[in-house]
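For the numbers below, each heavy atom of this structure counts, side chains included, while hydrogens, waters and symmetry mates do not. Letters go in sequence order (proteins before strands), and every chain restarts at 1. Keep in mind it's a predicted model, so treat the numbers as computed, not measured.
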2 protein chains.
Amino acid sequence: MPEPLLTTDTEESLESPTLARRTFDSIKADIIGGQLAQGTKIVESDLALKYGISRGPLREAIHRLEQIKLIVRIPHAGSRVVTLDTKMMEDIYTARESLEGMAARLAARLMPDAEIAALSTLLDQHEASVGETEGKAYFQREGDIDFHFRIAVASRNQWILENLNGELYQLIRMCRHQSGQFPSRAQLALDQHRQIAAAIARRDEELAEILMRRHISGAWEIVKQILEEQNDSS
Amino acid sequence: MPEPLLTTDTEESLESPTLARRTFDSIKADIIGGQLAQGTKIVESDLALKYGISRGPLREAIHRLEQIKLIVRIPHAGSRVVTLDTKMMEDIYTARESLEGMAARLAARLMPDAEIAALSTLLDQHEASVGETEGKAYFQREGDIDFHFRIAVASRNQWILENLNGELYQLIRMCRHQSGQFPSRAQLALDQHRQIAAAIARRDEELAEILMRRHISGAWEIVKQILEEQNDSS
DNA sequence: ATTGCTTCAATTGTCGACAATTTATGCCTG
DNA sequence: CAGGCATAAATTGTCGACAATTGAAGCAAT
């Protein structure tokens with residue numbers, strides 16, 4: 001099972017066999033991190049020069065970024081970095097609620113006991129970091145994604161895993177970076193994570209799905225308020 | 001009038017603005033239709049010659065086909081038409097159950113009355129075609145997808161719509177074409193469609209979602225049996 | 001001053017050739 | 001005769017240049 005699709009964006013130039021792949025990762029990081037702002041016009045010649053490559057591989061990278069919806073492209077008119085409006089984020093959170101709910105159900109059915117134990121250990125680490133200084137909000141965010149990622153893996157459903165990890169999580173990360181850190185509902189989230197993990201350990205598919213959907217639906221309500229406040233002030 | 005600087009007088013410009021797009025559509029049709037069998041090795045030079053274009057646009061088409069999972073590509077080793085095994089189809093049907101269940105819920109909430117009426121009309125047409133000769137199984141299949149497509153549209157969720165219509169339905173179509181026509185459970189499917197439409201008309205979100213999930217889950221059970229029979233006989 | 005057309009620059013789409021990598025072939029060696 | 005290494009063929013990855021299309025700037029006429 002060759003599945004090395006973990007995205008550790010700690011450093012760039014992660015040795016990849018192909019140039020297009022590396023450029024894809026670089027641009028993706030730049031977009032999510034905010035170095036390339038929303039709505040920025042993408043000019044192939046300029047970016048090719050900036051990354052020191054030809055337009056061929058760059059084009060492939062752009063096409064892939066378009067597929068994961070970080071870039072929007074119009075046939076002869078060029079391409080721009082996606083603009084995350086409230087409607088799009090609502091669609092994404094709704095889709096995520098659906099897919100992760102199913103993933104939690106599958107995890108309750110299929111997750112090996114060893115993985116469940118590891119999940120519990122992970123939550124213990126998060127518990128420890130909640131008491132820490134508030135500056136670690138970033139790691140708490142990543143920890144949150146880490147928990148959800150493990151559920152997606154445990155679903156043993158390749159399609160769901162790829163779409164959550166490859167597309168939806170990226171857009172949510174981008175939204176977080178650009179909208180500033182969300183308020184630290186870390187303790188609440190942790191409690192909900194614990195309940196979900198408990199339902200999975202009990203092999204209660206129905207409850208696992210319901211709790212996960214409620215968890216994500218609640219998260220969206222928070223995000224929605226923040227986005228609307230930002231829109232009002234503009 | 002702008003100077004017509006020697007453009008080809010042939011009327012191919014009505015097809016699609018770009019070559020890569022057209023080639024993408026052609027290859028997609030060939031794969032789904034079975035002209036390009038599962039597991040076929042894709043050689044860029046050969047296909048470029050076959051379609052009478054250069055490798056550049058062809059590569060873009062292949063990349064897009066890879067994104068919708070009709071082609072699998074390994075960095076320097078080349079690409080092949082996807083091989084639909086039972087596990088992959090199960091993943092797809094499970095994801096579809098999740099997303100379409102949510103779509104039905106959203107449709108019950110958001111679908112305008114006029115669209116609901118049109119949906120009912122569509123089902124009447126299907127009813128009429130059920131009594132027809134059995135040779136129309138193909139159209140019944142397309143009619144089935146047509147129904148599900150309208151639910152996806154009615155969800156008003158762009159992400160769900162694009163993923164269902166752009167990716168999942170394509171793979172299911174491909175599976176159908178390659179596995180021969182499935183047995184005509186047309187009457188049963190139609191009844192279930194009617195119940196779903198009724199729940200939507202009643203604005204019963206919960207029921208609409210449950211019925212849709214049960215409908216798709218049931219469909220998978222049928223498909224699963226067929227696939228396993230085929231695998232056993234091979 | 002505004003509207004309309006024409007012209008021009010900028011950018012994307014397409015092409016053919018070259019370089020890097022993988023897979024297949026055949027020879028040599030044990 | 002089997003196995004492994006070296007070479008060769010085939011295929012993919014990358015590059016620079018050319019063609020086609022879009023959007024805007026400039027000019028003319030009302």
Side-chain angles (χ1 to χ4, degrees), chain A residues 2 4 12-28 31 36-37 39-67 70-83, chain B residues 1-28 31 36-37 39-67 69-83:
Chain A
E12 64 174 87
S13 83
L14 178 67
E15 273 311 315
S16 179
T18 171
L19 249 182
R21 207 71 150 197
R22 283 199 293 275
T23 310
F24 167 76
D25 290 333
S26 294
I27 302 180
K28 183 172 75 173
I31 291 179
L36 279 174
T40 303
K41 178 86 183 291
I42 299 288
V43 181
E44 296 179 358
S45 326
D46 297 356
L47 272 197
L49 189 66
K50 172 179 176 183
Y51 287 97
I53 62 174
S54 171
R55 273 182 56 209
L58 181 81
R59 243 159 116 59
E60 178 178 339
I62 289 181
H63 295 334
R64 291 194 53 185
L65 288 167
E66 182 198 11
Q67 286 302 321
L70 256 54
I71 281 183
V72 288
R73 205 163 65 94
I74 302 158
H76 279 87
S79 38
R80 317 184 81 90
V81 178
V82 66
T83 302
Chain B
M1 295 292 277
E3 180 63 32
L5 70 130
L6 198 55
T7 56
T8 52
D9 304 283
T10 58
E11 58 280 0
E12 86 273 355
S13 55
L14 296 180
E15 296 284 343
S16 175
T18 171
L19 249 182
R21 261 282 206 280
R22 285 198 293 276
T23 310
F24 167 75
D25 289 333
S26 294
I27 302 180
K28 184 172 73 173
I31 291 179
L36 280 174
T40 303
K41 178 84 183 294
I42 299 289
V43 181
E44 297 179 357
S45 327
D46 296 357
L47 271 197
L49 189 67
K50 173 179 176 183
Y51 286 97
I53 62 174
S54 172
R55 273 183 56 211
L58 181 81
R59 253 166 102 71
E60 179 179 337
I62 289 181
H63 296 333
R64 292 192 51 182
L65 288 167
E66 181 199 11
Q67 285 300 323
K69 297 179 178 55
L70 256 54
I71 280 183
V72 287
R73 203 163 67 95
I74 301 159
H76 280 87
S79 38
R80 318 184 80 91
V81 178
V82 67
T83 302

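Shown here for B:Ala61 and B:Ala20, the closest heavy-atom pair between the two residues is CB-O, 3.8 Å.
Among residue pairs with one or both ends in residues 41-54 of chain B, those qualifying as salt bridge (charged side-chain N to carboxylate O under 4.0 Å, His left out) are B:Glu44-B:Arg55, B:Glu44-B:Arg59; sequence neighbours excluded.
Here the CD1 atom belonging to B:Ile27 is positioned 10.5 Å from the CG atom belonging to B:Leu70, to the nearest 0.5 angstrom.
Partners of B:Lys69 according to the salt bridge (Lys or Arg N to Asp or Glu O under 4.0 Å) rule, which considers only residues two or more places apart in sequence or in another chain, are A:Glu162, B:Glu167.
Comparing the helix axis at one end of the helix from C:dA1-D:dT30 to C:dG30-D:dC1 with that at the other, each defined from 5 consecutive pairs, gives an inter-axis angle of 10° (nearest 10°).
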Nucleotides 11-15 of chain D: which of its N/O atoms have a protein N/O under 3.5 Å away?
| residue | atom | partner | partner atom | Å |
| --- | --- | --- | --- | --- |
| D:dT12 | OP1 | B:Ile42 | O | 2.9 |
| D:dT12 | OP2 | B:Glu44 | N | 3.2 |
| D:dT12 | O3' | B:Pro75 | O | 3.1 |
| D:dG13 | OP1 | B:Pro75 | O | 2.1 |
| D:dG13 | OP2 | B:Arg59 | NH1 | 2.6 |
| D:dG13 | OP2 | B:Arg59 | NH2 | 3.1 |
| D:dG13 | N7 | B:Arg55 | NH2 | 2.8 |
| D:dG13 | O6 | B:Arg55 | NH1 | 3.0 |
| D:dT14 | OP1 | A:Thr18 | OG1 | 3.2 |
| D:dT14 | OP1 | A:Leu19 | N | 2.4 |
| D:dT14 | OP2 | A:Thr18 | OG1 | 3.1 |
| D:dC15 | OP2 | A:Ser54 | N | 2.9 |

Q: Show your reasoning for whether side-chain contact (heavy atoms from CB on, under 4.5 Å) applies to A:Arg64 and B:Gln67.
A: CA-CA 8 Å; A:Arg64 291 194 53 185; B:Gln67 285 300 323; 3.9 Å; yes
Could you go through residues 71-79 of chain B and list every donor-acceptor pair under 3.5 Å that involves a side-chain atom there, pairing it with any protein atom two or more places apart or in another chain?
| residue | atom | partner | partner atom | Å |
| --- | --- | --- | --- | --- |
| B:Arg73 | NE | B:Glu66 | OE1 | 3.3 |
| B:Arg73 | NH2 | A:Glu60 | OE2 | 3.1 |

Q. Reading nucleotides 5-10 of chain D 5' to 3', which nucleotides get B (base under 4.0 Å from a protein heavy atom), which S (sugar-phosphate only), which -?
A. ------
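Here the rule is side chain to side chain contact (heavy atoms under 4.5 Å, CB included) with A:Leu58, and of A:Leu47, A:Leu19, A:Ile42, A:Leu49 only A:Leu47 fits it.
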